[in-house]
Amino acid sequence: MEEAAAGLPLSDEADQYSANSSSNNLASSDNIAAGRFVIDDDGDEDEGPPSIFTDAASSNLWTSRTGQDLDMQELNFVLGTNNGDSPKKKSFTSGWASRKDHEESRKLIMMASHRLSSENNVNISPFGIGGRDDDDDIDNNNYYQQQKHRIILPLCCLENLKFICALSLLIVALVAIIVTPSVLVNQNNTDGKVPWTPWAGKTKPLDTERFNRIKDRLLEHRISHASALEDPASPQYKALVWLVRDDERHVGLPQIDDEGSKMTGDNVDDEIAVFQRYALAVFWFQTTDVEIVEESLGRTVENLQDLAWNNADGWMTSKGLCLWYGVTCHPHHSYGVKYDEDFHVAMFNLTSNNIHGVLPNELFTAFLKMTVLDLHQNELAGTIGRELANMVELEDLFLNGNAFEGRLPDNIGDLRNLQNLNVHDNRFDGPIPESIGELEKLRELGMFNNEFSGRIPLSIRKLKGLIAMYLESNQLTGNIPPVIGQLTALEDIRLRNNTLNGPIPTELGDLKQLRTLYLDTNNLSGLIPTELGNLYKLDDLQMHDNALIGKLPVELAFLNGLTTLYIDGNGLTGSFPEEFGEMHALEELYISSNELTGELPATIRGMKSLKYFRGSDNQFVGKIPTDIGKLLKLEYLMLDSNQFTGAPPTELGELKELKAVHLHDNNLSGEVPDELCDLRNSFFLSDLQADCEDDIICECCTTCH
């Protein structure tokens, strides 16, 4: 009742008022005395705002007063009667829907209180003690005096209002003082410029009961190890403290009533949300805490700015983790395609984000529904634990462009849904795991620029869907497994720059979808298989710098789509096949540093697309064919270190795109034609070399031998 007199909104869960009223007459003073306030002290924790009136009184308190005279409205408002209207419960918010209703109700109470308690000399107005509404008093005084009802309102009710207002202002000021540092800290984090401390300026006590409860659950699900969670200097401990004490989101952990009972539905989602926020916090501390990074990398961090992520929007704030930069969640069944709270993480992508440190295992143990993990082009180091195999739904793994070392986990084959595995440009060593063959959905295998050693595992034959195999620039040994010929979906094979030996398997000719084949810079020997002529889609064939012997197979001329053929640096013999003139799409032909003999055929003019022709360091004889003058796209012509004779043909002057011509170390004679020299003056030719010191006259050569 004090609240009503003060003009404050009435609450739902406090004293309850009951009053009996007749349908047409006002209640007697005895009836009024019978009405009383009842304190709800049952100790329950009812939800919603408190209530003063009974349902009947509440109904009459908020219902419209249309059709009743003003006096009856005022008194019924106070007494809680409505002349026979059936009580209807209304909500707290609807009762005080507008300020106008609130002020009117407050005014009614004040006037009724004043007129009905005049005997006690209590003077109350809607504007405080001592105020009066004379007009209303003249109109209604006699009526209320006849009723002789006394409603006594204590003076302290309005005085308490002043105290409440002062207390409210004090609370607002304290909240502002507490919240402002947090907002500034979060703004610092949003900028993503320098590492920051999530609890900067906070001194909240740690809820040890919640700390231990979450800790136990983390251990139960093997998210982290106990030793890490008990070490105050570890990123795991710091992450858990942040989650319990400083995370303003206050994600709840579902209770388990019976030991061993299982959770279902939303409870599982809530538990996963806790695990995921914790794991991301571990990742944050592992890669931004100076002491932790220095210990993990074994070096000193000279400048804190070196550890600043390029983008850290949302991280370590009260936002749902689905809104943290680089985090994408699965669609929620209730919230459509994008969910902005805490849900199962689908993709974690922090590409090129200047992240230093090691990769915590929590990233592998807490995100069991993650499908994409992309951390390429950062400064991450250390080893990859066997916990990686927990991510059974992972489809894309990109760890390339870091400084990871050690061996790939031998249980990597447990990632049965993996489609793209890219760990290239790191420092991984040891053998390629045999279990790699269990990744039967794999489409791309990128392991180049590491230190992998040993043989290519035969289990690779199981990768029937593999499209790209990138194993170049490692220390692989042994033969190229013929079983690779069973991977008929392959379009790109790159085995270059290893120490592979033995012959090129003829089975490679079965890879009818193959477009790129790099076998160069190994110790391969034997003949070039004629079966390679079956690779009709082949665009780029590189076998240079091996120990291949025998003749150039004419079957290569069947590769009508071939644009690049590098077979230099071998021990090939025989003549240049005339059939190669049918390779109309060929743009680059490198056959230098072999033991090829004979004359260049006139059919060479059929290579209409040729731009680079490197035939130096062989044993070609005869004259340089005039038909070379038909190769109008030619830019580089390297025929040095052979046994060509005669004068350079004037037709070379037709090659307006020429940039370099090497004719030295041959048996040429005569004079370099003026037509060729004109290219030096008017076009792109900037490198012209010949034996102009002894055997040939050249007034325009850039270098004379």
Side-chain angles (χ1 to χ4, degrees), residues 179-203 228 231-243 245-249 276-319 321-328 345 347-363 373-384 398-405 423-427 449:
V179 170
T180 300
S182 174
V183 172
L184 293 177
V185 167
N186 288 348
Q187 180 62 44
N188 252 354
N189 175 47
T190 301
D191 295 340
K193 297 299 181 183
V194 295
W196 57 283
T197 304
W199 53 79
K202 301 180 182 180
T203 57
D231 180 5
S234 71
Q236 290 80 10
Y237 184 91
K238 292 185 177 183
L240 185 52
V241 169
W242 171 80
L243 185 68
R245 185 184 67 188
D246 306 297
D247 184 6
E248 296 179 356
R249 191 161 187 81
Q276 292 183 150
R277 288 184 76 85
Y278 162 77
L280 291 180
V282 173
F283 182 79
W284 173 264
F285 287 110
Q286 186 74 71
T287 58
T288 62
D289 187 285
V290 177
E291 294 181 356
I292 293 175
V293 172
E294 288 181 338
E295 181 180 356
S296 63
L297 298 182
R299 61 177 175 83
T300 302
V301 177
E302 301 294 342
N303 188 349
L304 286 179
Q305 190 65 30
D306 293 341
L307 299 184
W309 290 10
N310 293 335
N311 192 333
D313 289 349
W315 277 76
M316 308 301 282
T317 69
S318 60
K319 292 182 179 180
L321 60 85
C322 301
L323 295 180
W324 293 13
Y325 174 74
V327 178
T328 302
V345 172
M347 294 185 289
F348 188 46
N349 184 350
L350 291 177
T351 300
S352 302
N353 207 37
N354 193 44
I355 302 176
H356 295 69
V358 301
L359 209 56
N361 286 330
E362 284 75 10
L363 206 57
L373 176 58
D374 191 347
L375 297 172
H376 80 270
Q377 297 300 325
N378 282 290
E379 302 294 333
L380 294 167
T383 59
I384 303 298
F398 297 97
L399 301 178
N400 48 292
N402 286 284
F404 292 116
E405 58 188 11
V423 295
H424 57 85
D425 292 295
N426 281 287
R427 301 171 186 170
N449 289 344

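Taking all atoms of both residues into account, the shortest heavy-atom contact from Asp289 to Glu291 is OD1-N, 3.1 Å. Residue Gln276 comes nearest to Val345 through the heavy atom pair OE1-N, 3.1 Å, listed as atom of the first residue, atom of the second, then distance. Between Lys238 and Ala233, the shortest heavy-atom distance links the atoms CE-O, 4.2 Å. For the pair Thr351 and Asn349, the tightest heavy-atom approach, listed with the atom from each and the gap, is OG1-OD1, 2.6 Å. Counting all heavy atoms, side chain and backbone alike, Asp247 lies closest to Thr317 at OD1-O, 4.0 Å. The shortest heavy-atom contact between Ser352 and Asn310 is O-ND2, 3.0 Å.
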Problem set entry | Pair Asn449-Asp425, side-chain hydrogen bond (donor to acceptor under 3.5 Å, both in side chains): steps then yes or no | CA-CA 5 Å; Asn449 289 344; Asp425 292 295; 2.8 Å; yes
Exercise. Run the side chain to side chain contact (heavy atoms under 4.5 Å, CB included) check on Val358 and Gln286 step by step: do they pass?
Worked result: CA-CA 7 Å; Val358 301; Gln286 186 74 71; 3.5 Å; yes
Exercise. Taking it one step at a time, do Phe285 and Met316 satisfy side chain to side chain contact (heavy atoms under 4.5 Å, CB included)?
Worked result: CA-CA 10 Å; Phe285 287 110; Met316 308 301 282; 3.8 Å; yes
Exercise. Passes side chain to side chain contact (heavy atoms under 4.5 Å, CB included), Phe283 versus Leu359? Steps please.
Worked result: CA-CA 7 Å; Phe283 182 79; Leu359 209 56; 3.6 Å; yes
Exercise. After noting the C-alpha distance and the side-chain angles of Phe348 and Leu363, does the key distance pass the side chain to side chain contact (heavy atoms under 4.5 Å, CB included) rule?
Worked result: CA-CA 10 Å; Phe348 188 46; Leu363 206 57; 3.8 Å; yes
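Taken from CG in Asn354 to CG in Asn311, the straight-line distance is 12.0 Å, to the nearest 0.5 Å. Asp374 contributes atom CG, which lies 10.0 Å from atom CD of Gln377 (distance to the nearest 0.5 angstrom). Here Leu350 contributes atom CG and Ile355 contributes atom CD1; the two are 4.0 Å apart, rounded to the nearest 0.5 Å. Expressed to the nearest 0.5 Å, how far CG of Asn426 lies from CG of Asn400 amounts to 7.5 Å. Taken to the nearest 0.5 Å, the CG atom of Leu297 stands 10.5 Å off from the OG1 atom of Thr300. Taking NE2 of His356 as the start and CD of Glu379 as the end, the distance is 4.5 Å to the nearest 0.5 Å.
Inter-residue side-chain proximity for Leu399 and Phe404 is flagged as met; some heavy-atom pair is nearer than 4.5 Å.
Using a distance-only test at 3.5 Å, with no hydrogens or angles considered, no donor-acceptor pair links the side chain of Ser318 to the main chain of Glu248.
Residue Trp284 is tested with Trp309, Trp242, Tyr278 for a ring pair (Phe, Tyr, Trp, His ring centres under 6.0 Å); the sole match is Trp309.
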